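Working notes, beginning with the structure itself.
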Amino acid sequence: MNLIHFIDAVNEKLDTMSGQDKSDFILNYAETLPESKREEFHPSLSFREMKGKDEISQMKDNVLHALDEIHNGKLALDSEWDEYDYDDDTDGMSLLDPDGIGGILHQAAVCLHMLNDRMMYQDAYEIAYALSKLEIPVKGAYTEEFESDSLSVSEVLDD
């Protein structure tokens, strides 16, 4: 069985398992691990949550809703000038995140990876497309200095 078919079969099985069944499976698997593999196994448990397709679809819908709120200006970044430091030649401006946009972008990235891992590529595309087109509203000093009222995701991440 090739990797794609194997992962698909595993995903189908996970969708039918209860949370308790998944926990039992992990514990049984952990009991059979050779000692040399135990060090790397424990941290991998917190790497991602085991979610079913319905949970991931709901997560995707929540992320898309939050991205839409950003797009529609309901959520925005704020900006202010940093105090001038005579020992440092750089003038600076700080972006402030009172609405939690950074957390939403992080959640979008986590969801995107989960969707790809579960081979839910059309759903992953929806989030990737929304992120690629997203202009994040910015209030405050930024709009005065740069005569712009938004930043792209890549501009925010570069800062």
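Keep in mind that what you see is a predicted model, and the values were worked out from it rather than measured. Keep in mind that the numbers below use all heavy atoms, side chains included, and drop hydrogens, waters and symmetry copies.
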[atom1]-[atom2] distance between [X] and [Y], expressed to the nearest 0.5 angstrom:
X: S152; Y: L131; atom1: OG; atom2: CG; answer: 11.0 Å
X: K60; Y: E55; atom1: NZ; atom2: CD; answer: 15.0 Å
X: I136; Y: E155; atom1: CD1; atom2: CD; answer: 9.0 Å
X: F25; Y: K13; atom1: CZ; atom2: NZ; answer: 10.0 Å
X: D61; Y: E126; atom1: CG; atom2: CD; answer: 8.0 Å
X: L115; Y: Y121; atom1: CG; atom2: OH; answer: 10.5 Å

Are side-chain heavy atoms of [X] and [Y] found at a separation under 4.5 Å?
X: N62; Y: Q58; value: yes
X: M17; Y: L14; value: yes
X: L105; Y: L134; value: yes

Tell me whether [X] contacts the main-chain N or O of [Y] through its side chain, where contact means a donor paired with an acceptor under 3.5 Å.
X: S150; Y: E135; answer: no
X: D97; Y: L77; answer: no
X: S132; Y: Y129; answer: yes
X: D68; Y: L64; answer: no

Minimum heavy-atom distance between [X] and [Y], given as atom pair plus value:
X: L112; Y: A124; answer: CD1-O, 3.1 Å
X: G140; Y: S79; answer: C-OG, 3.4 Å
X: C111; Y: I127; answer: SG-CD1, 3.6 Å
X: G73; Y: P137; answer: CA-CG, 3.8 Å

Inset, instruction - Determine whether M119 and F6 fall in the same hydrophobic cluster, where Ile, Leu, Val, Met, Phe, Trp and Tyr are linked whenever their side-chain heavy atoms lie under 4.5 Å apart. - result: yes

Legend entry - Residue of the set V153, L95, L67, L75 for which side chain to side chain contact (heavy atoms under 4.5 Å, CB included) holds with I101: L75

Inset, instruction - Decide, yes or no, whether a salt bridge links D99 with K139 under the criterion of side-chain N to carboxylate O below 4.0 Å. - result: no

Inset, instruction - For atom CG of N72, decide whether the heavy atoms of other residues, nucleotides or ligands shown that lie under 6.0 angstrom number more than 12. - result: yes

Legend entry - Stepwise side chain to side chain contact (heavy atoms under 4.5 Å, CB included) test for M59 and V110: CA-CA 10 Å; M59 183 181 189; V110 167; 3.9 Å; yes

